[in-house]
J.: 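Sending over a structure as structure tokens; questions will come in a sec.
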2 protein chains.
Amino acid sequence: MTIAAAITELAGVFGDRLVRSGSDLELHGRSESYFPLTPPDAVVYPESTEEVSRLAAICNAQGCPVVAWGTGTSLEGHSLAVRGGVCVDFSRMARLLEVHQADMDAVVQPGMTREALNRELRATGLFFPVDPGANAALGGMAATRASGTTTVRYGSMADNVLGLQVVLADGRVIRTGTRARKSAAGYDLTRLFVGSEGTLGLITELTLRLHGQPEAISAAVCAFDRIGDAVDTVIATVQSGIPVARIEFVDAATAAAVNAYAGMEFPLKPHLLVEFHGSPQGVAEDAERFGELVTDMGGEGFRWSARAEDRSALWTMRHNAYYAILASRKGARAVVTDLCVPISRLAEAVEETRADIEDSGIPGPILGHVGDGNFHAVLLIEDGAAEELEVAKALSHRMVERALRLGGTVTGEHGVGLGKLGYMEAEHGAAWQVMGAMKRALDPGDILNPGKLVPPEA
Amino acid sequence: MTIAAAITELAGVFGDRLVRSGSDLELHGRSESYFPLTPPDAVVYPESTEEVSRLAAICNAQGCPVVAWGTGTSLEGHSLAVRGGVCVDFSRMARLLEVHQADMDAVVQPGMTREALNRELRATGLFFPVDPGANAALGGMAATRASGTTTVRYGSMADNVLGLQVVLADGRVIRTGTRARKSAAGYDLTRLFVGSEGTLGLITELTLRLHGQPEAISAAVCAFDRIGDAVDTVIATVQSGIPVARIEFVDAATAAAVNAYAGMEFPLKPHLLVEFHGSPQGVAEDAERFGELVTDMGGEGFRWSARAEDRSALWTMRHNAYYAILASRKGARAVVTDLCVPISRLAEAVEETRADIEDSGIPGPILGHVGDGNFHAVLLIEDGAAEELEVAKALSHRMVERALRLGGTVTGEHGVGLGKLGYMEAEHGAAWQVMGAMKRALDPGDILNPGKLVPPEA
Ligand SMILES: Cc1cc2nc3c(=O)[nH]c(=O)nc-3n(C[C@H](O)[C@H](O)[C@H](O)COP(=O)(O)OP(=O)(O)OC[C@H]3O[C@@H](n4cnc5c(N)ncnc54)[C@H](O)[C@@H]3O)c2cc1C
Ligand SMILES: Cc1cc2nc3c(=O)[nH]c(=O)nc-3n(C[C@H](O)[C@H](O)[C@H](O)COP(=O)(O)OP(=O)(O)OC[C@H]3O[C@@H](n4cnc5c(N)ncnc54)[C@H](O)[C@@H]3O)c2cc1C
């Protein structure tokens, strides 16, 4: 077997950093959502780019699948080794290599998590803004083109990665991009690897764009009677040019889950949570202008605060919302959906989805990064209950169709993995074949995360 | 001859919209800068995507080169048909197809110019921010990944194109992206075609991100004794989070050229020109905070204004600077350089370049989008003077080496074309071969703008 031969060779290089114990394989065969356990044949913990390069060369020669692993928080089964092979866990390549204060950039290894990076940056006055709810690894975030609550202001990983070091399938090491803020020197390989989900290369270093910690921050919260009013407030805010740094939606069901989980007392209504970054006067003004819009739109309970404790409580609540929802049904697993539509269609998309979920009998709170037109339903199913999984998948299928019908995308930020593979043709048409051609050009042996993202070879 | 056969076939499809007259060929064989006349064999004026698709299929079957043409303002000989063939002039596909007010996006044909688009948008309260000095076509701007004075605030074409319709080499028509603000659904083909300079496909439609016209605008100008002080002011401004919408540098030689050309009275010193967008209070505050920084850095003559006439005079001056410089030496042609470096190295890069130009004996005013670390020297040579061209090329060569030594790129925004092809290996190393692999995957017959961007086939 070629996989076996590769593992034997790799064991010679990696020694006890190649692991085949059942518990470790199982840990790397799990997904954060509903996909069945799919362990790899071995897990390898490289400590340098050179090691990753040797690993790739060996696996390429042997035709052994290679699946990268950041923190395993992706929600569509991205890092499951569906054809076996080697899982490359980047947790031992997790250092901050350089910070360039004047240039507002940093060079990091792929296993470093976003929270670890921001802890190390605290004293510099700079921060890295992209914040998927989980404390994901920066390599995994780049590979999934992650975004989060602050994307409406600071962009996603597509906007905040200046350059990469990448190990190609055959072991060659390349660099994409430079530390300059922009370049027109040929194809944008950085943005090609960002979002490629480990199918084109293994990211071994990232140059990230940093931002100045805002001088002042204010946050606000308010409730609405109807989802449509909340969404119309979002549109009005974006259009009037109020520079929101975050604008998040949670529905009544999410508010209920959060109240139960964290002892909060949010009214059981749709809410918007908002944050502003700027000068002290600026953020006060922004909050007030936003407050006026809220009143015009019939919102209520508008409160804003520039106190760190209040803000921190609000965003901890938001970041724990997924876990609060999971906890609201004992022993449940989640099918997490991820639509993104043009903002003019957002109210329609959310309201149709809300009604559809209610008819289904399955709990499914809705929340999302509505400033970007992006939202999620967290569909809760009993672990192992096949019928419920079917109902959830049917709901998710109708959501995807809705996104496409409304001019949107089947995944705003979570990515393709296994869960969205079946929709790539519907979203991209002939362009999906172009993705296949790129894949064959860069990974002719199909060893990098095979079975994902591109069309199956004919 | 395959080119001749293709042209015969195309004549049957395009009738009198295929032109072979000498004057038309010559017009499409000229470059804006110093490259020699290189006329194509024919110019075709398509009116629809279907026509472009038929053209590609015919040329692909015949192995006939196809070079796209927007407005021909690119500065590195991008659209010169160095292997002959057909020039596709998009000037008859220049319509605004859709404006989505609530979603703040628009769908345009590739031949529409940025000024025409903004004229049509005026009443909507929206605008498209990317502004290379020339009134370029949006298709050409996407193909060169153009940026401009507002990129420091609103980004470049990479950030403001949401999706494309593209005709591939074999005539297949694909769509990339959606009207959603973000997506994680596979490889970012939009950003692969943006900046591909007509070598991977022909852009026949663009979905562009629009921005709200700012409620208020203020502009400021100030002079410095030393280049280093001007640049340090830029760094301090960006770091302190003052949200500049534009921050441009012109050196003393540029100020002199502009004074002579437009009857202005700028002191013969390095200047910064700045603009702020926001609320009336906001832009007043921003201008004042910036003014304080200028004073701290020893700047002088600081003036700001929120009056439209003053602003307009300032930016007309900036946008005419290239022509003012050209006019400062009778009958001259320009070699325009385009470095971009990390901002911490900008003062060094500009000062070394200034000194080098002074030693050379050739006039070469410097100006640039310094908020991004990007600047140009406009090296003026007598038309036809071979020795001067050599001196200018040697200066340009040393500037490129300087950019790479300082961690930057050989072209911040103008692109590769012919002029920077020789530096792709130095900037990208093995990654340049990856670009070659992408090109072969999408255009195996090498018909799309052959001889540009990627490594020559071995
Ligand atoms: C509670 C919760 C909230 C979430 N909220 C968000 C959100 O708001 N926005 C969002 O975008 N996502 C969100 N996610 C999903 C997830 O956090 C992101 O997809 C994240 O980017 C995954 O990072 P990871 O390090 O866990 O990657 P993994 O799951 O380990 O890997 C993801 C993919 O990247 C590949 N990969 C990993 N490292 C590398 C590397 N070095 N080189 C090449 N390929 C690599 C893997 O092979 C795999 O295909 C959420 C998840 C949870 C559990
Ligand atoms: C005075 C002056 C100032 C300038 N300032 C700037 C600046 O600040 N920033 C900047 O970025 N540039 C600047 N430029 C350069 C130039 O304006 C830009 O490169 C611009 O983007 C070129 O657009 P165009 O329509 O003229 O393209 P063209 O020159 O016609 O073509 C450029 C390239 O794009 C390809 N192309 C054109 N249309 C298509 C299409 N539909 N599909 C596929 N490929 C296509 C062509 O084949 C060619 O390779 C300046 C130029 C001048 C003369």
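Order of the sequence lines sets the chain letters (A, B, ...), proteins ahead of strands, with each chain counted from 1. Remember, it's a predicted structure, so these values are computed and weren't measured experimentally.
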J.: Using side chain to side chain contact (heavy atoms under 4.5 Å, CB included) as the criterion, list what pairs up with A:Val454, not counting sequence neighbours.
T.: A:Met435, A:Lys439, B:Tyr187
J.: Suppose we screen for ring-ring contact (aromatic ring centres under 6.0 Å, His included). Which residues come up paired with B:His211, at least two apart in sequence or across chains?
T.: B:Tyr154
J.: Most heavy-atom pairs under 4.5 angstrom with chain A, which of B:Ala430, B:Gly371, B:Gly408, B:Gly186?
T.: B:Gly186
J.: Are B:Asp159 and A:Arg191 within salt-bridge range, i.e. N to O under 4.0 Å?
T.: yes
J.: Which value, rounded to the nearest 0.5 Å, describes the distance between A:Arg179 atom CZ and B:Leu406 atom CG?
T.: 10.0 Å
J.: Tell me which of these, A:Ile235, A:Leu192, A:Val152, A:Val434, has more heavy-atom pairs under 4.5 Å with chain B than the rest.
T.: A:Val434
J.: In terms of heavy-atom proximity below 4.5 Å to chain B, should A:Val341 be classed as side chain, backbone, both, or neither?
T.: backbone
J.: What part of A:His277 lies closer than 4.5 angstrom to a heavy atom of chain B: side chain, backbone, both or neither?
T.: neither
J.: Roughly how far, to the nearest 0.5 Å, is CD of A:Glu215 from CD1 of B:Ile242?
T.: 10.0 Å
J.: Which answer fits A:Thr190, side chain, backbone, both or neither, if we ask what part of it has an atom under 4.5 Å from a heavy atom of chain B?
T.: neither
J.: Mind ranking B:Ser344, B:Pro342, B:Gly278 by heavy-atom pairs under 4.5 Å with chain A and telling me who comes out on top?
T.: B:Pro342
J.: Quick one: what part of B:Gln213 sits under 4.5 Å from any heavy atom of chain A, side chain, backbone, both or neither?
T.: neither
J.: Among B:Gly125, B:Gly407, B:Gly212, B:Gly195, which residue has the highest count of heavy-atom pairs closer than 4.5 Å to chain A?
T.: B:Gly407
J.: Looking at A:Val410 and B:Ala185, what are the two nearest heavy atoms and their distance?
T.: CG2-CB, 4.4 Å
J.: Is A:Leu189 close to chain B through its backbone or its side chain, or both, or neither, when contacts mean heavy atoms under 4.5 Å?
T.: side chain
J.: Sort out for me which of A:Thr151, A:Thr411, A:Val238 touches chain B most, counting heavy-atom pairs under 4.5 Å.
T.: A:Thr411
J.: Determine the option with the most heavy-atom pairs under 4.5 angstrom with chain B, choosing from A:Gly177, A:Ser147, A:Gly373.
T.: A:Ser147
J.: Under 4.5 Å heavy-atom distance to chain A, tell me which part of B:Glu413 shows up: side chain, backbone, both or neither.
T.: both
J.: As an exercise, state the distance from CE of A:Met104 to CD of B:Gln239, rounded to the nearest 0.5 Å.
T.: 6.0 Å
J.: Working note: A:Leu442 + B:Met438, criterion side chain to side chain contact (heavy atoms under 4.5 Å, CB included); need CA distance, chi angles, decisive distance, verdict.
T.: CA-CA 8 Å; A:Leu442 286 193; B:Met438 323 250 72; 4.1 Å; yes
J.: Counting only non-hydrogen atoms closer than 4.5 Å, does A:Asp103 touch chain B with its backbone (N, CA, C, O), its side chain (CB onward), both, or neither?
T.: both
J.: Examine whether an atom of B:Lys182 lies under 4.5 Å from a heavy atom of chain A, and if so say whether it belongs to the side chain, the backbone or both; otherwise answer neither.
T.: both
J.: Can you say whether B:Leu346 sits under 4.5 Å from chain A via the side chain, the backbone, both, or neither, judging by heavy atoms?
T.: neither
J.: Given side chain to side chain contact (heavy atoms under 4.5 Å, CB included), test A:Glu427 with B:Ser183 step by step and report yes or no.
T.: CA-CA 11 Å; A:Glu427 175 157 338; B:Ser183 170; 3.9 Å; yes
J.: Taking every heavy-atom pair that is under 4.5 Å apart, which of A:His369, A:Glu285, A:His100 has the most such pairs with chain B?
T.: A:Glu285
J.: Would you mind checking which part of A:Leu339 comes under 4.5 Å of any heavy atom in chain B, side chain (CB onward), backbone (N, CA, C, O), both or neither?
T.: neither
J.: Quick one: what part of A:Thr144 sits under 4.5 Å from any heavy atom of chain B, side chain, backbone, both or neither?
T.: backbone
J.: Contact between B:Ile343 and A:Arg181 at the side-chain level, heavy atoms closer than 4.5 Å - yes or no?
T.: no
J.: Counting heavy-atom pairs closer than 4.5 Å to chain A, which one of B:Arg172, B:Lys420, B:Met424 comes out on top?
T.: B:Met424
J.: So which residue, A:Asp188, A:Leu168, A:Asp105, ends up with the most heavy-atom pairs under 4.5 Å with chain B?
T.: A:Asp188
J.: For residues A:Ala180 and B:Cys340, report the shortest heavy-atom separation together with the two atoms involved.
T.: CB-O, 3.5 Å
J.: Do you know which of B:Val173, B:Asp338, B:Asn374, B:Leu404 has the most heavy-atom pairs with chain A at a distance under 4.5 angstrom?
T.: B:Asn374
J.: Between A:Arg175 and B:Ala431, is there a donor-acceptor pair closer than 3.5 Å when you use the side chain of the first and the backbone of the second?
T.: no
J.: To the closest 0.5 Å, what do you measure between OG1 (B:Thr178) and NE2 (A:His428)?
T.: 9.0 Å
J.: Within this structure, what is the CZ-OG distance for the pair A:Arg289 and B:Ser279, rounded to the nearest 0.5 Å?
T.: 6.0 Å
J.: Out of B:Thr199, B:Val194, B:Thr176, which one racks up the most heavy-atom pairs below 4.5 Å with chain A?
T.: B:Thr199
